[in-house]
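A note on names: the letters A, B, ... follow the listed sequences, proteins ahead of strands, and every chain is numbered from 1.
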There are 2 protein chains.
Amino acid sequence: MISEVLAAMPSRNSHIRPNDNPDITAERVKATFDTEALSSIIYGGPEKLNRRREIAKYVDDHPEMKDPYPTDFMTREMKLENVARKALLWMEHAELATDVGSQEEGFHFGSLITGIDGHPLAIHLIMAIPALLNNADDEQLDEWLPKAISRQFIATYAQTELGHGTNLSQLETTATYDPKTQEWVLNTPTITATKWWPGNLGKSSNYTVVMAQLITNGKNYGAHPFFIQIRDEKSHRPLPGITLGDIGPKFGMNANDNGFMQFDHFRVKRRAMLMKNAKVLPDGTYVPPKHPKLGYSAMIFVRSAVVGLMSLHMAQAATIGIRYSVVRRQGEITPGAGEVKILDYQTQQYRLFPQLARAFAFRLAGVHALTMYNTIMKQVNSGNTDALADLHALASGLKAVATYQTALGIEQCRFACGGHGYSLASGIPQIYTVAVGGCTYEGENMVLLLQLARYLRKRAAEMTSGKGPAEVPTPLAAYLFQSSPKHSSIGTPVYAPNGEFEGVLQTFEHVSRRLTLTAYAKLQKLEGSGISTEIALNQCAVEWRRASHAFTRVALARIMSGILEQATDQGVREVLEDIVRLYVYYEVGEAAAELLEDGFVDASQVEFARQQVYDALAKIRPNAVSLVDSFDLSDRELNSVLGRRDGNVYENLLKWAQASPLNKDDVLPFHHRYLGKMMTDAKKASKL
Amino acid sequence: MISEVLAAMPSRNSHIRPNDNPDITAERVKATFDTEALSSIIYGGPEKLNRRREIAKYVDDHPEMKDPYPTDFMTREMKLENVARKALLWMEHAELATDVGSQEEGFHFGSLITGIDGHPLAIHLIMAIPALLNNADDEQLDEWLPKAISRQFIATYAQTELGHGTNLSQLETTATYDPKTQEWVLNTPTITATKWWPGNLGKSSNYTVVMAQLITNGKNYGAHPFFIQIRDEKSHRPLPGITLGDIGPKFGMNANDNGFMQFDHFRVKRRAMLMKNAKVLPDGTYVPPKHPKLGYSAMIFVRSAVVGLMSLHMAQAATIGIRYSVVRRQGEITPGAGEVKILDYQTQQYRLFPQLARAFAFRLAGVHALTMYNTIMKQVNSGNTDALADLHALASGLKAVATYQTALGIEQCRFACGGHGYSLASGIPQIYTVAVGGCTYEGENMVLLLQLARYLRKRAAEMTSGKGPAEVPTPLAAYLFQSSPKHSSIGTPVYAPNGEFEGVLQTFEHVSRRLTLTAYAKLQKLEGSGISTEIALNQCAVEWRRASHAFTRVALARIMSGILEQATDQGVREVLEDIVRLYVYYEVGEAAAELLEDGFVDASQVEFARQQVYDALAKIRPNAVSLVDSFDLSDRELNSVLGRRDGNVYENLLKWAQASPLNKDDVLPFHHRYLGKMMTDAKKASKL
Ligand SMILES: Cc1cc2nc3c(=O)[nH]c(=O)nc-3n(C[C@H](O)[C@H](O)[C@H](O)COP(=O)(O)OP(=O)(O)OC[C@H]3O[C@@H](n4cnc5c(N)ncnc54)[C@H](O)[C@@H]3O)c2cc1C
Ligand SMILES: Cc1cc2nc3c(=O)[nH]c(=O)nc-3n(C[C@H](O)[C@H](O)[C@H](O)COP(=O)(O)OP(=O)(O)OC[C@H]3O[C@@H](n4cnc5c(N)ncnc54)[C@H](O)[C@@H]3O)c2cc1C
């Protein structure tokens with residue numbers, strides 16, 4: 001009744017429906033901004049938002065694309081069967097539901113159908129096809145690309161081995177050229193040479209890109225890509241000479257059959273080597289590539305994509321945490337005034353809203369990095385590789401920071417749901433286990449931050465050698481070459497575009513500059529003590545990691561505050577200002593030690609920043625549900641009983657549990673054999 | 001060969017065996033201290049250590065107590081069957097293997113058999129029996145306790161409901177007294193009144209303590225404990241009027257059948273109410289309890305136990321991370337010098353060693369809290385409840401901080417294992433999901449920190465009213481009433497017991513004092529602005545949380561540095577100094593912002609602390625494996641392919657994967673139905 005009245009009220013939140021939990025509707029009617037306008041900004045305009053929804057509707061209209069029951073109740077084998085079934089539907093319906101020219105639409109459609117825990121075409125689409133594009137020559141592309149695109153085979157990308165992931169130079173799988181037969185002999189000489197981890201290698205793929213040490217005429221030329229068939233196209237059995245298997249259950253991504261592979265002197269034709277860059281002639285002569293640097297680019301692309309993925313996961317978790325927090329009532333603030341929604345507790349807001357802000361930041365950063373990627377790759381394709389270093393630095397830093405902060409943030413959202421957050425019904429455990437994988441795959445985070453540190457070390461050398469910003473070819477790092485003001489202007493308005501936050505951004509730049517120079521000074525001091533640069537670098541690696549983080553903070557905060565330029569609607573602009581304020585001042589809090597250390601910021605400024613955070617929390621509070629609604633994630637995408645749009649949590653928790661397999665029987669079939677026996681024996685003994 | 005030579009060398013590490021991975025043996029021979037001496041300190045003396053090992057050997061000698069294959073490959077139903085089977089063995093062998101008078105031995109034996117993911121007697125032992133002891137009167141104890149102890153029934157503790165966990169005052173389950181029949185009518189009036197979460201309630205238990213609103217003569221006296229039968233002793237079916245079920249799969253603890261329960265006007269006798277404290281007479285007259293405070297004590301006990309449990313989980317993760325890091329070689333430090341053990345990277349040490357230090361800290365803190373509990377409970381039993389507030393404050397803070405830092409620390413250990421950390425074979429995902437539950441159960445962490453803040457608020461009021469340390473009955477907080485020195489003495493030796501670290505400890509005390517007073521000042525200011533104390537408290541709740549954390553830091557650091565007094569052996573003393581040094585200076589880094597903010601610590605002191613951390617990392621490095629060996633965790637307790645004592649990781653990863661259920665068939669039974677069909681269809685279409 002109440003909810004119907006509320007639902008009928010005019011509201012700027014478009015997500016209100018009759019029969020929703022009145023506690024959630026009451027939140028939505030309070031929106032001070034138009035959720036449609038914000039959704040449009042998030043998804044790149046009203047047309048794209050509309051297409052998103054049409055695709056979602058298409059999926060909703062096809063119940064066969066649903067899980068027959070929650071996958072939480074399935075074994076891994078059932079999960080793989082369920083997702084294979086759905087992947088087939090995805091492919092059969094792709095042309096009907098989406099513009100097949102749009103990768104964005106394709107991925108959205110796919111992820112709506114398959115969910116987030118993996119699917120059999122993941123690596124085929126994200127890595128194998130791009131690897132072919134980057135490494136196959138034209139003739140090879142003609143042979144394989146159309147088949148790959150039309151899915152006449154499923155391919156994966158097999159690089160990592162049991163013994164080596166990070167250090168690719170030491171991969172042990174060999175491809176030895178035999179000029180007599182003009183064939184490669186692929187071999188796995190040791191256990192640690194076993195290919196290990198490649199997604200979809202275990203069961204789904206019948207072709208693969210494989211990285212192997214190329215040996216010809218007795219010489220090893222390092223790891224090179226080959227493209228080979230690994231299973232029979234009819235029977236799907238592994239080809240003779242190849243051992244394949246699944247690497248077993250994992251923390252998450254259990255609907256992906258990450259696999260292992262061993263070669264026993266397995267022979268393939270010469271042209272199995274991907275020859276766009278390096279080549280081997282029929283007689284075994286090795287012809288080196290022209291642009292050795294270009295191998296990087298696919299990696300950078302995937303890292304940028306990971307940042308966008310993190311934004312999705314953070315938005316999912318924040319949506320669940322915030323919606324549940326207006327449904328859950330627990331404890332009183334004013335005694336006798338009745339239990340409050342837990343979102344009214346300041347500590348609860350402090351747990352949740354920074355994660356919401358980060359979901360925005362990572363969304364923007366992902367888009368930013370992909371745009372930069374596209375721009376720079378155009379330059380690269382016309383021969384100008386100057387900007388590659390910037391791109392690599394940015395993508396490495398963003399990937400490392402976004403994945404880690406997302407992982408921590410998701411757990412905060414889960415904690416914020418109390419006990420129910422720990423149930424798989426909340427959906428958050430799965431979001432966590434999937435997202436946290438991003439800290440490791442596509443470049444282990446610590447390794448990435450140390451790679452970024454190398455870039456910073458070059459800049460530091462340039463800085464100390466007196467170069468000015470105009471003389472360095474790295475626009476991303478240009479600010480490092482400017483001099484700092486004497487003192488931070490946090491708390492005093494700066495007259496510049498985005499004046500409110502410019503002082504904070506400059507402050508972050510200062511820290512980045514300072515930490516880079518401090519780490520460099522330490523390095524030089526260590527070198528001065530007579531140890532080698534490499535050993536010295538290791539001895540101040542933790543300091544360099546801090547510098548890399550500070551550098552990434554600058555990029556993220558700049559990108560984040562840029563969102564304000566996109567908001568033309570006044571209501572949206574105001575709420576986004578709250579979000580940006582929370583984001584940047586929360587980061588001031590995180591960086592407070594480094595800011596206070598050299599006196600660039602004083603205690604009153606830290607206190608000012610803290611107060612800005614508390615004020616932003618209070619201002620965001622009434623809009624919180626409308627903000628997460630604006631991410632426009634369907635119940636299907638959330639896959640969470642706690643995060644349901646309608647807020648009808650409790651009755652659905654009960655239903656979910658009742659459907660769980662253990663509740664088929666009131667008494668478990670083995671009860672009397674064990675616990676029953678224990679009690680019966682004890683009773684008998686007591687009567688002796 | 002090499003390993004045999006190494007294994008035969010005299011070493012202070014007692015964990016070396018032939019056929020171990022030489023890379024791990026090489027670490028052990030470097031030990032500069034006697035691992036047996038350290039193990040003795042950890043486990044409370046050589047006799048206890050010896051008993052631990054005898055019990056472990058007993059379990060090892062009984063292969064039927066093993067899992068038939070890794071539980072990672074089991075469904076939940078299989079997990080429950082497997083652990084029920086093992087629980088029966090545990091009980092059957094308890095008298096043979098352990099001193100049944102020793103809780104410590106009993107729990108160790110049990111945990112060796114059952115593992116960490118839950119078992120059917122968990123709540124019976126940890127909560128139900130203690131609840132009976134605290135709440136049943138003598139006659140009731142006579143009726144139930146012997147049966148409980150001899151396991152003639154299995155009981156659980158049902159408090160939390162779907163709608164209420166933290167706020168017990170609002171539990172909705174009712175127990176209404178009917179004087180006509182002299183019975184209680186238990187009822188679940190709403191969905192949210194459904195009991196939800198109690199461990200082992202779903203399938204295993206046939207009795208339970210249940211908290212319900214006691215209503216007699218038309219008046220509600222609040223939640224009280226009842227003890228009732230819920231399943232038939234023979235058939236094990238739920239009794240008529242009771243609905244029972246499992247709440248479904250969770251993040252972790254899936255070998256525990258956390259359950260739900262609903263009552264439909266279920267009648268039990270008057271004496272089902274536990275009447276040690278309050279009573280209801282046959283005519284329905286309510287007789288209130290004499291000491292309303294005492295209800296707390298069981299909770300405090302469990303919280304202290306949780307801290308000890310966290311130490312185990314942290315030690316497990318640190319052992320796995322550190323051992324694997326000397327087996328894993330990845331990348332070079334000096335080019336051309338060969339791949340290094342990843343533990344040689346400073347960043348890797350920085351990831352792992354603080355977790356190792358925390359495993360020590362939480363072990364000591366757990367023991368400390370239990371000792372304090374026992375002392376204070378003696379006072380309480382003789383009528384002196386003064387110290388209860390201290391005990392409650394300490395246990396709340398330690399539980400909240402230890403569980404959260406353990407969770408974060410375990411993930412750092414997992415990240416440190418790269419890709420393989422993400423596999424369930426590493427064992428760390430399970431350790432994480434089990435440990436992180438501790439952030440929520442037994443008092444949600446944020447709620448606990450806010451409870452501790454109430455205690456601090458009382459102290460702040462006393463401090464500002466001019467009371468001196470002698471006048472407050474809270475020894476734990478006595479330091480708050482002392483005045484701070486002008487400036488921190490970090491970096492300058494202090495002449496006091498534990499002189500090296502006393503300056504740091506005093507610095508932590510200063511921060512605790514300052515943050516308590518700051519939060520109090522904020523509160524007073526808000527109150528001054530005219531809002532109620534309760535609303536004001538909520539508006540500075542984040543500040544109070546910081547004060548609670550700072551207070552707990554003092555306690556932890558003091559307890560931790562106390563370990564040095566236990567080390568008589570010179571080598572052990574030195575390595576423990578490294579650990580304590582790392583622990584306290586790492587905490588200085590964590591608290592740096594708060595230390596710098598009022599100038600109590602200056603930048604050079606923060607830099608000093610940082611350097612102490614790096615120095616400690618380097619000093620700990622050669623002893624790292626021997627340090628984790630000293631926790632004396634068997635391969636069984638670690639349940640990790642990466643953390644195996646023998647370091648033979650890779651071949652066993654392969655074996656583990658090969659045994660996983662998906663590898664039964666080379667081709668999954670459903671392949672041709674879905675992915676096979678997709679490829680066949682695509683080929684056909686291409687030929688049209
Ligand atoms: C979910 C998932 C999916 C994956 N999918 C694929 C796939 O499809 N195809 C594929 O080929 N691979 C895949 N992988 C493998 C993945 O790419 C590697 O696990 C990852 O690159 C990390 O490498 P590693 O495992 O060798 O870690 P390691 O390098 O062994 O890292 C272990 C520790 O050593 C440290 N370390 C290593 N080198 C250095 C250094 N130079 N300096 C300082 N510290 C260092 C790291 O920081 C880390 O703490 C996947 C992995 C996961 C978890
Ligand atoms: C693994 C596991 C095992 C369990 N076993 C048992 C068992 O055996 N028996 C049993 O009875 N129960 C059990 N529980 C339930 C457990 O005791 C509760 O989940 C726990 O006490 C938290 O309460 P909650 O779920 O109501 O969280 P909530 O109180 O709903 O917490 C949600 C959020 O609200 C915030 N919040 C709540 N109140 C306040 C406040 N006053 N001020 C500020 N913030 C607040 C919290 O900080 C949190 O962020 C178990 C739970 C788990 C996860």
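- The main-chain N or O of A:N200 is never found under 3.5 Å from a side-chain atom of A:N258 such that the two would form a donor-acceptor pair.
- If you measure heavy-atom distances from B:K86 to chain A, you find no contacts under 4.5 Å at all.
- Heavy atoms closer than 4.5 Å to chain A are found in the side chain of B:R414, but not in its backbone.
- A tilted orientation is assigned to the rings of B:F73 and B:W656, their planes being inclined by 30° to 60°.
- A:M74 does not touch chain B: none of its heavy atoms, backbone or side chain, sits under 4.5 Å away.
- No donor-acceptor distance shorter than 3.5 angstrom exists from the side chain of B:Q348 to the backbone of B:I342, with no hydrogens or angles considered.
- Interface residue A:Q170: only side-chain heavy atoms are found under 4.5 Å from chain B.
- Among A:A425, A:G252, A:C540, the residue making the largest number of heavy-atom pairs under 4.5 Å with chain B is A:G252.
- Note on A:I154, A:D665, A:D598: by heavy-atom pairs under 4.5 Å with chain B, the leading option is A:I154.
- With a 4.5 angstrom heavy-atom cutoff, A:S204 touches chain B via backbone and side-chain atoms both.
- For B:L450, the part sitting under 4.5 Å from any heavy atom of chain A is the side chain, from C-beta outward, and nothing else.
- Using a 4.5 Å cut-off between heavy atoms, A:K147 does not touch chain B at all.
- Contact of A:F260 with chain B is made through the side chain alone, with heavy-atom distances under 4.5 Å.
- Contact check on A:E81 versus A:K203 returns no salt bridge, with no Lys/Arg side-chain nitrogen under 4.0 Å from an Asp/Glu carboxylate oxygen.
- Side-chain atoms of B:S426 never come within 3.5 Å of backbone atoms of B:Y422 as a donor-acceptor pair (strictly under, hydrogens ignored).
- Only the side chain of B:H671 comes within contact range of chain A, with heavy atoms under 4.5 Å apart.
- Contacts between B:Y441 and chain A at a heavy-atom distance below 4.5 Å are absent for every atom of the residue.
- When each of A:A407, A:P335, A:G589, A:A416 is scored by its heavy-atom pairs under 4.5 Å with chain B, the top score falls to A:P335.
- Residues B:S235 and A:H672 come closest through the heavy atom pair O-NE2, 3.6 Å.
- Panel note: side chain B:Q330, backbone A:N167; a donor-acceptor pair is recorded below 3.5 Å.
- Interface remark: A:R151 contributes backbone and side-chain atoms alike to the contact with chain B (heavy atom separation under 4.5 Å).
- Both the backbone and the side chain of A:H164 come within contact range of chain B, judged by heavy atoms closer than 4.5 Å.
- Between A:Y650 and B:W196, the gap from one ring centroid to the other reaches at least 6.0 Å.
- A:E92 touches chain B through its side chain: at least one heavy atom from C-beta onward sits under 4.5 Å away, while N, CA, C and O do not.
- Nearest approach of A:T440 to B:G418, heavy atoms of both residues: CG2-C, 3.4 Å.
- There is no contact between B:E590 and chain A, counting heavy-atom distances below 4.5 Å.
- If you measure heavy-atom distances from A:M446 to chain B, the contacts under 4.5 Å come from both the backbone and the side chain.
- For A:R329, the part lying under 4.5 angstrom from a heavy atom of chain B is the backbone only.
- Listed options B:G419, B:G248, B:P249 were ranked by heavy-atom pairs under 4.5 angstrom with chain A; first place goes to B:P249.
- Using a cutoff of 4.0 Å between basic side-chain nitrogens and carboxylate oxygens, A:R76 and A:D246 are scored as salt-bridged.
- More than 12 heavy-atom neighbours from other residues, nucleotides or ligands sit within 6.0 angstrom of NZ on A:K683.
- With a threshold of 4.5 angstrom between heavy atoms, B:E411 approaches chain A through side-chain atoms but not through N, CA, C or O.
- Ring-centre distance between B:Y432 and A:Y432: below the 6.0 Å cut-off.
- Only the side chain of A:Y350 comes within contact range of chain B, judged by heavy atoms closer than 4.5 Å.
- From A:E594, atom CD reaches atom CG of A:L596 across 10.5 Å, with rounding to the nearest 0.5 Å.
- Neither the backbone nor the side chain of A:V613 comes within less than 4.5 Å of any heavy atom in chain B.
- Rounded to the nearest 0.5 Å, atoms CG (A:L675) and CG (B:L80) are 9.5 Å apart.
- The candidate from A:P146, A:A592, A:P238 with the greatest count of non-hydrogen atom pairs under 4.5 Å with chain B is A:P238.
- Residue contact with chain B, scored on non-hydrogen atoms closer than 4.5 Å, involves the backbone of A:D344 exclusively.
- At a 4.5 Å heavy-atom cutoff, the contact between B:F670 and chain A is made by side-chain atoms alone.
- Only the backbone of B:L244 comes within contact range of chain A, with at least one heavy atom under 4.5 Å from a heavy atom of that chain.
- Residue A:D681 holds its CG atom at 7.5 Å from CG of B:L88, rounded to the nearest 0.5 Å.
- With chain A as the partner, the residue from B:R351, B:Q346, B:K250 showing the most heavy-atom pairs under 4.5 Å is B:Q346.
- If you measure heavy-atom distances from B:V542 to chain A, the contacts under 4.5 Å come from both the backbone and the side chain.
- Put simply, the side chain of A:R231 never gets that close to the backbone of A:N206: no donor and acceptor are under 3.5 Å apart.
- A donor-acceptor pair under 3.5 Å is absent between the side-chain atoms of A:T334 and the main chain of A:A337, judged by distance alone.
- Only the side chain of A:L408 comes within less than 4.5 Å of a heavy atom in chain B; its backbone stays farther off.
- When the candidates B:L449, B:T433, B:L89 are compared by the number of heavy-atom contacts under 4.5 Å with chain A, B:T433 comes out ahead.
- Looking at B:I428, neither its backbone nor its side chain comes within 4.5 Å of chain A, counting heavy atoms on both sides.
- The candidate from B:R237, B:E332, B:Q658 with the greatest count of non-hydrogen atom pairs under 4.5 Å with chain A is B:R237.
- In this structure, the portion of B:M91 lying under 4.5 Å from any heavy atom of chain A is its side chain and not its backbone.
- A donor-acceptor pair under 3.5 Å is formed between the side chain of A:N663 and the backbone N or O of A:A657.
- Taking the six-membered ring where tryptophan is involved, the planes of A:F251 and B:F251 are essentially parallel, since the angle between them stays under 30° and well short of 60°.
- For the set B:Q349, B:Q539, B:R328, the count of heavy-atom pairs under 4.5 angstrom toward chain A peaks at B:R328.
- Taking B:S660, B:A685, B:A682 one by one and counting their heavy-atom pairs under 4.5 Å with chain A, the maximum is reached by B:A682.
- For B:E444, the part lying under 4.5 angstrom from a heavy atom of chain A is the side chain only.
- Of the residues considered (A:T75, A:L668, A:T533), A:L668 shows the highest number of contacts with chain B, using heavy-atom pairs under 4.5 Å.
- A donor-acceptor pair is defined here as one N or O able to donate and one able to accept, closer than 3.5 Å; such a pair exists between the side chain of A:E339 and the backbone of A:G331.
- With a 4.5 Å cut-off on non-hydrogen atoms, B:T347 touches chain A through its backbone and its side chain both.
- With values rounded to the nearest 0.5 angstrom, B:M679 atom CE is found 14.5 Å from B:Y674 atom OH.
- Of the listed residues (A:G437, A:S532, A:P669), the one with the most heavy-atom contacts under 4.5 Å to chain B is A:G437.
- The main-chain N or O of B:L162 is found under 3.5 Å from a side-chain atom of A:H420 such that the two form a donor-acceptor pair.
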